[in-house]
2 protein chains.
Amino acid sequence: MLTNQAVSSVNHLLTILPDVDRERLIAISEPVELSFAEVLYSAGDAIPHVYFPTGAFISLLTPVSADTGLEVGLVGREGVLGVTLMLGIAIAPFQARVQGAGAALRINTALFLHELDQSLALRQVLKRYLYVSMRQLAQSATCNRFHLVAARLARWLLMTHDRSDTDTFHVTHVFLAYILGVRRVGITKAAHSLQQQKLISYRRGDITILDRTGLKALACTCYQIDLETYRSNLG
Amino acid sequence: MLTNQAVSSVNHLLTILPDVDRERLIAISEPVELSFAEVLYSAGDAIPHVYFPTGAFISLLTPVSADTGLEVGLVGREGVLGVTLMLGIAIAPFQARVQGAGAALRINTALFLHELDQSLALRQVLKRYLYVSMRQLAQSATCNRFHLVAARLARWLLMTHDRSDTDTFHVTHVFLAYILGVRRVGITKAAHSLQQQKLISYRRGDITILDRTGLKALACTCYQIDLETYRSNLG
DNA sequence: TACAGTCTGTTCGCTAACGTACAGACATCC
DNA sequence: GGATGTCTGTACGTTAGCGAACAGACTGTA
């Protein structure tokens with residue numbers, strides 16, 4: 001229990017809950033370690049658990065074909081996976097794939113729904129998170145439409161870095177291509193360019209952030225807009 | 001009141017409410033006529049009213065710059081404008097612009113929130129609608145990323161036709177370009193092609209649907225996917 | 001009837017991204 | 001130590017869409 005409380009302080013949604021509500025939620029949760037590339041569920045599946053990441057982060061993906069897809073959301077310690085349960089629908093709208101291995105608090109769906117019933121504060125926080133998610137979804141839609149691969153890549157690296165404990169994380173060009181919905185070659189070129197500018201370095205799937213400020217300058221404004229949306233609703 | 005009941009039967013969300021709940025909602029609503037191009041509110045504005053369109057339909061837009069933007073949603077008699085009030089946030093996430101003139105039931109925000117408190121059935125229906133909206137938002141994101149202008153145009157025409165009383169509606173190439181986030185010339189070419197295939201005809205801002213089946217064949221699958229998402233949750 | 005405004009058609013060169021294919025570098029496992 | 005698989009680099013021609021500019025057609029008002 002003490003360890004649970006320790007890690008819970010790292011999920012921002014939990015930290016902004018009143019103590020009573022947070023402790024009740026933690027009491028029904030179990031700490032788990034999520035491993036890289038683990039698929040927690042696919043679009044259309046029942047949602048068996050809700051996850052509050054504390055160290056891990058999770059990609060929300062819409063598969064298009066076998067080797068094409070698109071990331072429509074990213075959930076780390078600023079958020080929660082399975083928030084659509086709030087809407088009374090236990091069917092996952094997207095595939096959830098662990099993109100950064102690490103810890104999370106896991107809660108059984110039935111227990112979570114029961115707790116949701118009890119806790120007004122929890123409902124309020126998750127409603128706000130859902131609102132933020134919607135706005136960020138719309139932001140992604142415009143980003144996909146208007147911005148160049150290099151800018152979108154820089155944005156994704158920043159978003160991921162924000163949710164990561166370390167400056168290095170594992171992701172190959174192939175998977176980045178899937179996430180951004182472009183060719184692998186497009187990623188290789190963009191990444192190469194970022195590396196030459198000393199903003200990142202990478203080697204066989206391990207990317208290291210060298211210069212956040214430089215990345216921000218190169219990323220599209222969507223990054224800052226998303227941050228501001230989050231801050232003004234859940235800050 | 002009798003007229004209100006008559007028109008309300010044309011908004012699908014209202015029709016699937018239990019009689020009691022629907023009548024209470026109608027009692028606090030007022031019928032209004034929305035006129036073409038009217039901006040009901042902009043992103044960041046307070047939401048003064050909720051609208052259940054019965055004949056009108058409304059574009060949800062994210063402005064990017066003065067003459068660029070992107071449609072992220074379309075609300076007609078299958079839906080409701082202002083559903084994010086469900087989430088306890090009275091700030092509009094998008095601009096709402098009347099795209100098809102016509103009737104709607106308008107409800108004052110405070111009255112609506114009070115009624116939401118009273119009616120479990122209303123909450124359930126709107127939760128489902130919110131879930132559908134999220135999935136459709138994500139679908140738009142992938143559509144923007146992968147599909148060609150002609151296919152996206154065909155999809156938009158079908159979606160609009162579904163929400164319209166007539167086969168002809170008013171929209172210029174300039175505005176279609178704004179909606180789809182492309183150049184005006186891109187629309188002119190795509191529309192020209194659809195016209196040559198006798199799927200539509202148009203003249204100075206008035207577009208007429210001639211062949212729905214042909215349009216469906218040309219539109220991307222996003223159209224069918226959206227329909228199926230709606231049907232399986234609110235059908 | 002002339003004029004101003006709006007809407008559509010067409011043209012120009014340009015570029016980001018596409019699909020495909022192959023080569024080299026590195027890692028792992030027998 | 002050789003073989004196999006994975007990851008990154010590079011090259012090819014192709015294309016959808018871009019920005020900008022201008023012409024013609026229609027509409028409503030003076």
Side-chain angles (χ1 to χ4, degrees), chain A residues 36-37 64-70 99 141-157 168-197 199-208 218-220, chain B residues 36-37 64-70 99 141-157 168-197 199-208 218-220:
Chain A
F36 178 72
V64 173
S65 69
D67 53 354
T68 19
L70 192 65
Q99 189 53 36
T142 71
C143 190
N144 289 338
R145 182 67 201 82
F146 294 113
H147 300 144
L148 301 187
V149 172
R152 297 210 291 136
L153 177 59
R155 177 189 173 210
W156 189 88
L157 291 170
T168 298
F169 36 85
H170 188 80
V171 64
T172 64
H173 292 188
V174 169
F175 194 68
L176 278 170
Y178 187 92
I179 284 173
L180 299 185
V182 297
R183 288 179 316 158
R184 195 225 74 205
V185 176
I187 298 293
T188 299
K189 285 199 167 175
H192 193 70
S193 152
L194 296 187
Q195 188 167 46
Q196 280 189 327
Q197 295 171 69
L199 305 180
I200 62 171
S201 74
Y202 60 92
R203 186 174 164 282
R204 289 187 75 74
D206 292 317
I207 297 193
T208 303
L218 212 142
C220 50
Chain B
F36 178 72
V64 173
S65 69
D67 54 353
T68 20
L70 192 64
Q99 189 52 36
T142 71
C143 189
N144 289 337
R145 182 67 202 83
F146 295 112
H147 299 144
L148 302 188
V149 172
R152 297 210 291 137
L153 177 58
R155 176 190 173 210
W156 190 88
L157 292 170
T168 298
F169 36 85
H170 188 81
V171 64
T172 64
H173 291 187
V174 169
F175 194 68
L176 278 170
Y178 187 92
I179 285 173
L180 299 185
V182 297
R183 287 179 316 157
R184 196 225 71 206
V185 176
I187 298 294
T188 299
K189 284 198 169 178
H192 195 70
S193 153
L194 296 187
Q195 189 168 45
Q196 281 190 325
Q197 294 171 70
L199 305 180
I200 63 171
S201 74
Y202 60 92
R203 186 175 163 281
R204 288 187 76 74
D206 292 317
I207 297 193
T208 303
L218 211 142
C220 50

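Naming: A, B, ... by sequence-line order, numbering from 1 per chain.
- Between the CG atom of Leu176(B) and the OH atom of Tyr202(B) there is a distance of 10.5 Å, given to the nearest 0.5 Å.
- Note: CG (Leu176(B)) to P (dT6(C)) measures 18 Å, nearest angstrom.
- Within the 4.0 Å cut-off from OP1 or OP2 of dG9(C), at least one side-chain nitrogen or oxygen of Tyr202(B) is found.
- Distance check: Thr208(B) OG1 to Leu199(B) CG gives 13.0 Å after rounding to the nearest 0.5 Å.
- Contact annotation: His192(A) side-chain N/O to dG9(D) OP1/OP2 distance is under 4.0 Å.
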For a quick test of your reading: what N or O donor-acceptor pairs under 3.5 Å do the side chains of residues 141-152 of chain B make, sequence neighbours left out?
{"residue": "Thr142(B)", "atom": "OG1", "partner": "Gln139(B)", "partner atom": "O", "Å": "3.0"}
{"residue": "Asn144(B)", "atom": "OD1", "partner": "Arg152(B)", "partner atom": "NH1", "Å": "2.6"}
{"residue": "Asn144(B)", "atom": "ND2", "partner": "Ser140(B)", "partner atom": "O", "Å": "3.3"}
{"residue": "Arg145(B)", "atom": "NE", "partner": "Gly181(A)", "partner atom": "O", "Å": "3.2"}
{"residue": "Arg145(B)", "atom": "NH2", "partner": "Gly181(A)", "partner atom": "O", "Å": "3.2"}
{"residue": "Arg152(B)", "atom": "NH1", "partner": "Leu180(B)", "partner atom": "O", "Å": "3.4"}
{"residue": "Arg152(B)", "atom": "NH2", "partner": "Leu180(B)", "partner atom": "O", "Å": "2.5"}

**OP:** Go along nucleotides 25-30 of chain D 5' to 3' and tag each nucleotide: B for a protein heavy atom under 4.0 Å from its base, S when only backbone or sugar atoms are that close, - otherwise.
**Re:** BBS---
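- The interatomic distance linking Asp67(B) (CG) with dG19(D) (P) rounds to 9 Å, in whole Å.
- Looking only at side-chain heavy atoms (C-beta outward), Gln99(B) and Phe169(B) stay at 4.5 Å or farther from each other.
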Original post:
Which nucleotides of nucleotides 12-18 of chain C have their base under 4.0 Å from a protein heavy atom (B), which only their sugar-phosphate (S), and which neither (-), written as one string 5' to 3'?
Top reply: ----SSB
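- Considering only heavy atoms from C-beta on, Leu157(B) comes within 4.5 Å of Leu194(B) through its side chain.
- The closest donor-acceptor contact from the side chain of His170(A) to the backbone of Gly205(A) lies under 3.5 Å.
- Residues satisfying the side-chain hydrogen bond (donor to acceptor under 3.5 Å, both in side chains) criterion with Gln197(A), sequence neighbours excluded, are Ser193(A).
- Atom CZ in Phe36(B) sits about 13 Å away from atom C1' in dT6(C), given to the nearest Å.
- Here the CG atom belonging to Leu153(B) is positioned 6.5 Å from the CD1 atom belonging to Ile207(B), to the nearest 0.5 angstrom.
- When the P atom of dT15(D) is taken as reference, atom CZ of Phe146(B) falls 20 Å away, rounded to whole Å.
- The NE2 atom of His173(B) sits 17 Å away from the C1' atom of dG17(D) (whole-angstrom rounding).
- When every heavy atom of Cys220(A) is checked against every heavy atom of Arg155(A), the shortest pair comes out as SG-CD, 3.9 Å.
- Spacing between atom CZ of Phe175(A) and atom C1' of dT6(D) amounts to 16 Å, rounded to whole angstrom units.
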Every protein N/O lying under 3.5 Å from an N/O of nucleotides 28-30 of chain C:
none

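- With sequence neighbours left out, His192(A) forms a side-chain hydrogen bond (donor to acceptor under 3.5 Å, both in side chains) with no residue at all.
- The base of dG19(D) does not come close enough to the side chain of Arg184(B) for any donor and acceptor atom to sit less than 3.5 Å apart.
- The CZ atom of Arg184(A) lies 11.0 Å from the NZ atom of Lys189(A); values are rounded to the nearest 0.5 Å.
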